[in-house]
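Note sheet for the following structure.
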Amino acid sequence: MMITSKSLNRKSIPAPLPSIAEDVLEGLSRTPKSLPPKLLYDATGSDLFEQITCLPEYYPTRTEAGILTVHAEEICSHLRRNVSVSELGAGTATKTRILLRSLVRQQFGVNYFPLDVSDAALQLAKDEVESELSRVKVHPQLGDFDNLTFLEHQSPPRLVLYIGSSIGNLENDAAIALLQNIARNLSTGDKLLLGADLVKDINVMHAAYNDEAGVTALFNKNLLVRINRELSGHFDPESFCHISFWNEAESRIELHLESACRQAVRIDTLDMTFHFDRGERIHTENSYKYTVEHLENLLRSGGFQVEHTWTDPDSWFAVSLGVIT
Ligand code: SAH
Ligand code: AVI
C-alpha cells in the first residue's frame, strides 16, 4: 500500500510537532553519532516502511498478521464490552484492521485512537479504516510516545495496542519506562496488547534488514534526505552506506549509515558543519529481538499482569496481552 499524494494534500491534523533540529544537533554532536529512529518516518519514510512490510525477507509483519488472523476472535474474547482502542505507532494501521474487524462483530461501534509522529501514515490509517469499517470512528493523534495523556481521556474499558515489535526500537530501560507510562494512564481492567519479534536463525533476521531490492537501505538513507529538506542540510546520501548487522551480545539488529569517505557536511539551519572520518557511522536504529520470557517480563516490569501470549507455529513472533490489576 502506497502513501499517496492525495493523503498528503489533505488537511493535516492540528498538533504541531517540534522541529527535528534539536534531535539532529544533539545526535550528530555525540560520539559515536546517532539519530533517533522516529526521524525515519517522514512521509517518504512511512511509505518506504510500508514497502518493507511487503518484502519477501521482512517476515515480522506477515508473521504477526498471521497470529492476529488466527487468534483475533480469541483475543477479542479477553476484552470487555464497549472497549475503546488506542494504538502507539499505528502507522497505516493495516494489521490493526484484522482486530477491528473482529471487534465490530462483538460490539456495535469502536472508537479507535491511533497515535503516530507520521501525519501521512495517520491520514492513510483514517481513510483505510473508516472506508472498510463504517462502525469504527478513527480519532488520529499526531504526536510522540512521550505524551500519552490522550489515553486517560478515553472512557474505560480501554485496550492499547503496541504491536509490530515497535517496542524493539527502544532500549530496555526506555521500553520499561514507556510501558510504565502507558500503565499510569490506564485503570484497573484496561489491557495492553504487545507484539514483539523473537530471536531466531541469525540469517533470517539479517536478511530482513538487508533485503535484495535495497528498500531498507533507502529507508535508512532517507533520514539524510529528510535532514537536507527540513534543515537545509548538504548530505550526499550516495556517500553513505547502509549497514545492518546482528549484535549477539545485545540481542538486536543494528542499523547504521557509514560514511564512505572523509567528509564535512554542513547543515545550514543548525549553522553547523559535522565531520565524518571514512568508515565513521551514524547509528540510526536498534531492533531488539526477544524471548517470550523476556517479553512477558517486560510487561510485568511495566505494571501489567500477563493474561496470555500467542505465537506463530515457528515461534518467530509473539503477541502478549497484559492487564492492569
Ligand atoms: N504499528 C505499525 C507501524 C510500525 S512502524 C506496524 O506494525 O506495521 C513504526 C511506527 O511508529 C511508524 O509509523 C512511526 O512513525 C511511529 N513512531 C516511531 N517512533 C515514534 C514515536 N516516538 N512517537 C510516535 N510514533 C512513533
Ligand atoms: C518499526 N520497527 C519495528 C521496524 C523494525 O523491524 O525494527 C522498523 C524497520 N527498520 C528496518 N526495517 C524495519
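Remember, it's 1-based here, ligands and their atoms both numbered in the order they're listed.
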Problem - Pair R105 + E73: basic N to acidic O under 4.0 Å - result: yes
Problem - Option from H283, H206, H256 for which ring pair (Phe, Tyr, Trp, His ring centres under 6.0 Å) with F245 holds - result: H256
Handout entry: Aromatic ring proximity, centroids under 6.0 angstrom, F274 and F235
Key = no
Handout entry: Parallel, tilted or perpendicular, as decided by the 30° and 60° cut-offs, for the rings of F150 and F113
Key = tilted
Completion exercise
Min over E285, M205, R252 of heavy-atom distance to atom 8 (C) of ligand 2 lands on E285
Practice task
Work out whether the distance between some heavy atom of L115 and some atom of ligand 1 is less than 4.0 Å.
Solution key: no
Practice task
Measure up the W310 and H308 rings against each other and bin them: parallel (under 30°), tilted (30 to 60°), perpendicular (over 60°).
Solution key: tilted
Problem - Heteroatom distance test (K95, ligand 1): nitrogen or oxygen, under 3.5 angstrom - result: yes
Completion exercise
shortest atom 19 (N) of ligand 1-to-protein heavy-atom contact is with K38 CB, 3.4 Å
Problem - Atoms of ligand 2 close to F219 [distance to a heavy atom under 4.0 angstrom, numbered from 1] - result: 10 (N), 11 (C)
Problem - Which residue and heavy atom of the protein sit nearest atom 5 (S) of ligand 1, plus the separation - result: F49 CE2, 3.4 Å
Problem - ligand 1 versus A121: contacting region, heavy-atom distance under 4.0 Å - result: neither
Problem - Nearest non-hydrogen protein atom, atom 23 (N) of ligand 1 - result: F145 N, 3.1 Å
Exercise for the section: Consider only side-chain N and O atoms of N228 and H234, and report whether a donor and an acceptor are under 3.5 Å apart. Expected result: no
Practice task
State whether the shortest distance between N or O atoms of T61 and N or O atoms of ligand 1 falls below 3.5 angstrom.
Solution key: no
Problem - Aromatic ring proximity F317/Y290, centre distance under 6.0 Å - result: no
Practice task
Please confirm whether S287 comes within less than 3.5 Å of ligand 2 when only nitrogen or oxygen atoms on both sides are compared.
Solution key: yes
Practice task
Do me a favour and list the nearest non-hydrogen protein atom to atom 2 (N) of ligand 2 with residue, atom name and distance?
Solution key: N169 OD1, 2.9 Å
Exercise for the section: Using non-hydrogen atoms of the residue, decide whether P37 is closer than 4.0 angstrom to ligand 1. Expected result: no
Exercise for the section: Just go through D116, L122, D144 and tell me whose heavy atom is the nearest to atom 12 (C) of ligand 1. Expected result: D116
Handout entry: Taking atom 4 (C) of ligand 2 as the reference point, the nearest protein heavy atom with its distance
Key = Y58 OH, 3.4 Å
Practice task
Indicate, as side chain, backbone, both or neither, the part of A90 found under 4.0 angstrom from ligand 1 when only non-hydrogen atoms are considered.
Solution key: backbone
Handout entry: Closest approach of any protein heavy atom to atom 17 (N) of ligand 1, naming residue and atom
Key = V117 CG2, 3.9 Å
Problem - Any N/O pair Y209/ligand 2 closer than 3.5 Å - result: yes
Problem - Sub-4.0 Å heavy-atom contact, S166 with ligand 1 - result: yes
Exercise for the section: Provide, to 0.1 Å, the distance between atom 3 (C) of ligand 1 and the closest protein heavy atom, together with that atom's residue and name. Expected result: G89 O, 3.4 Å
Handout entry: Electrostatic pair R252:E254 at N-O distance under 4.0 angstrom
Key = yes
Exercise for the section: Between Y41 and ligand 1, find which residue part has any heavy-atom pair under 4.0 Å and reply side chain, backbone, both or neither. Expected result: side chain
Exercise for the section: Run the numbers for me: atoms of ligand 2, each under 4.0 Å from some heavy atom of G164, listed by number. Expected result: 3 (C)
Practice task
Indicate yes or no: does R278 engage E258 in a salt bridge with an N to O separation below 4.0 Å.
Solution key: no
Exercise for the section: Could you list the atoms of ligand 2 found under 4.0 angstrom from a heavy atom of Y41? Expected result: 1 (C), 8 (C)
Practice task
Verify the distance criterion only: is there a donor paired with an acceptor across the side chains of N222 and D42 at less than 3.5 Å?
Solution key: yes
Practice task
Taking atom types as modelled, find out whether S259 and Q263 have a side-chain donor-acceptor pair closer than 3.5 angstrom.
Solution key: yes
Exercise for the section: Give a yes or no on whether a salt bridge exists between E152 and R184, defined as a side-chain N under 4.0 angstrom from a carboxylate O. Expected result: no
Practice task
Check each atom of ligand 2 against the heavy atoms of S165 and keep those under 4.0 Å away; list them by number with element.
Solution key: 3 (C)
